[in-house]
Protein chains: 2
Amino acid sequence: MVSTPARPQRSDARRNQQSLLDAAGAVFVRAGIDAPVREIAREAGVGTGTIYRHFPTRADLVVAVFQHQVDSLAAVGDDVALRDWILRFADFLVTKHGLADAMASDRVGFERLHAGFVVRLEPICARLLGVEVSAGRMRDDVRPLELMRAVGNLCIGAEGDDEYDARRMIEVLLRGLTA
Amino acid sequence: MVSTPARPQRSDARRNQQSLLDAAGAVFVRAGIDAPVREIAREAGVGTGTIYRHFPTRADLVVAVFQHQVDSLAAVGDDVALRDWILRFADFLVTKHGLADAMASDRVGFERLHAGFVVRLEPICARLLGVEVSAGRMRDDVRPLELMRAVGNLCIGAEGDDEYDARRMIEVLLRGLTA
DNA sequence: ACCATAAGCGGAACGCTGTTCCGTTTTCAA
DNA sequence: TTGAAAACGGAACAGCGTTCCGCTTATGGT
């Protein structure tokens, strides 16, 4: 469905896009996922308008920044079982300075992030869950998407709150799924 | 710690405070918990400044609006067991047009809502959980606050999303807590 | 090497938010 | 009735994501 464009992207555009991805990655680590777009633009040495020439929405930039790590997580699905994979998924969400929080914050941003992350990972989760169900180790009445949503939700607000351990709650949830 | 004020509240102040509580309740139902303060003020027929004379923060107004229902929920703890009480707690969060979402949205607002709701309900949850643990029906390694946080998180984004059933995930979580 | 053209850029401007500030109005007790 | 204190209304502020548009810059044809 993607037609080859008449002309390729201009060189400065390509350079700026990469700068933005690098800058956003750095700023997200330093100031959290909810850092203002102006700060990302400044870090990249571009104007704010340039962000929106490359990414339709702030959420799309977030998705692009973590694309590689999401791909890695998808690949890990070939080597580990459901439990370990879920815990890695949780680690990813928690350690990225409020990624889970950002997903839950506003309705419209959620759609973008959901499309970028969960939809990508859902097949992997489905396969791993299928393995457990087939082996009789887990119940068959929970869909992979539900599971991922639940795990994602449990990760919210977990960073920097020593009263709440998301990992432990996820383990409890997984225990509740055993057949 | 609350000293009796030299003079009681002025009559118009008392009236406006009640108007604000009523208006906020109506607006929250109509437009969700994240409705703008200006809309609440307009509905109440007051200026925006008046809101802040009565409630230090938007989140405090939210807490005040739902205070009665939180009290009811606390009272219900005398009549039902943990499982039912948790499900009622979840119903409360889900049906209030994104209360759970609002709690997770921003860090500072969360503190207020947490103080207003969770701290109030924590003793009830603790007692009910204690009953289950003493009866040997549940594990003793989960603290009531963790449980409430987890349940609250599972409720996020549940309203109007037919792909995700928070109640079911909460039941799975509870199943994971059985001894 | 030049130049026309279109792609890309920067940042001011817009619309929205919660919150603060302050001149005006209202209440209440003396 | 009146003066002082309390409360009010809404303009103003700061910060957000996003849009817009005049200017700059890269690029393919000459």
Side-chain angles (χ1 to χ4, degrees), chain A residues 4-21 23-24 27-28 31-65 98 101-103 105-113, chain B residues 4-21 23-24 27-28 31-65 98 101-103 105-113:
Chain A
T4 52
R7 278 191 228 179
Q9 201 180 32
R10 234 169 71 172
S11 63
D12 54 348
R14 228 180 313 112
R15 187 169 2 103
N16 280 332
Q17 174 152 4
Q18 192 55 52
S19 298
L20 276 169
L21 287 172
V27 170
F28 288 164
I33 300 285
D34 56 346
V37 290
R38 273 171 253 266
E39 184 169 341
I40 298 168
R42 186 158 40 79
E43 174 89 14
V46 304
T48 59
T50 302
I51 290 185
Y52 291 89
R53 185 157 313 276
H54 294 282
F55 307 97
T57 271
R58 195 187 172 290
D60 294 278
L61 171 58
V62 174
V63 169
V65 165
D101 301 52
M103 289 193 63
S105 62
D106 76 302
R107 222 59 181 170
V108 45
F110 169 78
E111 303 296 342
R112 305 302 188 110
L113 293 170
Chain B
T4 53
R7 277 192 231 179
Q9 201 179 32
R10 234 168 69 174
S11 63
D12 55 347
R14 226 178 315 112
R15 188 172 358 106
N16 280 330
Q17 174 151 3
Q18 192 54 51
S19 298
L20 276 169
L21 287 171
V27 170
F28 288 163
I33 300 284
D34 56 345
V37 290
R38 273 170 253 267
E39 185 170 340
I40 298 168
R42 187 158 39 77
E43 173 90 14
V46 304
T48 58
T50 302
I51 290 185
Y52 291 90
R53 184 157 313 274
H54 293 282
F55 307 98
T57 271
R58 195 188 172 291
D60 294 279
L61 171 58
V62 174
V63 170
V65 166
D101 301 53
M103 289 195 63
S105 62
D106 76 300
R107 225 49 183 177
V108 46
F110 169 78
E111 302 296 343
R112 305 302 188 111
L113 294 171

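Letters A, B, ... mirror the listed sequences (proteins, then strands); counts begin at 1.
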Starting at CD of B:Gln17 and ending at P of D:dA6, how long is that distance when rounded to a whole Å? 16 Å

Can you see if the side chain of B:Arg42 gets near the phosphate of D:dG10 - specifically, an N or O under 4.0 Å from OP1 or OP2? no

Is there a side-chain polar atom (N or O) of B:Ser11 under 4.0 Å from OP1 or OP2 of C:dC28? yes

Check: B:Arg10 side chain, D:dA6 base, donor-acceptor under 3.5 Å: yes

Would you give me the side-chain donor-acceptor pairs under 3.5 Å for residues 44-55 of chain A, sequence neighbours excluded?
residue	atom	partner	partner atom	Å
A:His54	ND1	A:Gln17	OE1	3.2

Report the distance from atom CG of B:Leu20 to atom P of D:dA7, rounded to the nearest whole Å. 14 Å

Terminal helix-axis angle for the helix from C:dA1-D:dT30 to C:dA30-D:dT1, with five pairs defining each axis and rounding to 10 degrees: 10°

Between CG of B:Asp12 and P of C:dC28 the distance, given in whole Å, is 7 Å

Write down the distance between CD (B:Glu111) and C1' (C:dG18), rounded to a whole number of angstrom. 17 Å

Tell me the salt bridge (Lys or Arg N to Asp or Glu O under 4.0 Å) pairs involving residues 39-52 of chain B, sequence neighbours left out? B:Arg30-B:Glu39, B:Arg30-B:Glu43

Separation of atom CD1 in A:Ile51 from atom P in D:dC16, rounded to whole Å: 12 Å

According to side chain to side chain donor-acceptor pair (under 3.5 Å), who are the partners of A:Arg112, at least two apart in sequence or on a separate chain? A:Asp60

Strictly below 4.0 Å, heavy-atom distances to any atom of DNA chain D: list the hits from residues 32-39 of chain A, or just say none. A:Ala35, A:Pro36, A:Val37, A:Arg38

Could you check which residues of residues 53-64 of chain B get a heavy atom under 4.0 Å from DNA chain D? Sort them by number, please. B:Arg53, B:His54

Verify the contact: side-chain N or O of B:Tyr52 to OP1 or OP2 of C:dT19, cut-off strictly under 4.0 Å; return yes or no. yes

Taking only side-chain nitrogens and oxygens of B:Thr48, does any of them come within less than 4.0 Å of OP1 or OP2 of D:dG10? no

Nearest-Å distance, CZ (B:Arg15) to C1' (C:dC28)? 14 Å

Atom CZ of B:Arg14 and atom C1' of D:dA6: how far apart are they, to the nearest Å? 13 Å

Residue list, side-chain contact (heavy atoms from CB on, under 4.5 Å) with A:Phe28, at least two apart or on another chain: A:Ala24, A:Ile33, A:Ile40, A:Arg58, A:Val62, A:Val65, A:Phe66

Quick one: side chain to side chain donor-acceptor pair (under 3.5 Å) partners of A:Gln18, sequence neighbours excluded? A:Asp22

Residues at least two apart in sequence or cross-chain that pass salt bridge (Lys or Arg N to Asp or Glu O under 4.0 Å) with A:Arg10, listed by chain then number, are A:Asp12

Return the nearest nucleotide to the side chain of B:Asn16; candidates are D:dA26, D:dC8, C:dC9. D:dC8

Give a yes/no answer on whether the side chain of B:Thr50 brings an N or O atom under 4.0 Å of OP1 or OP2 in D:dA7. no

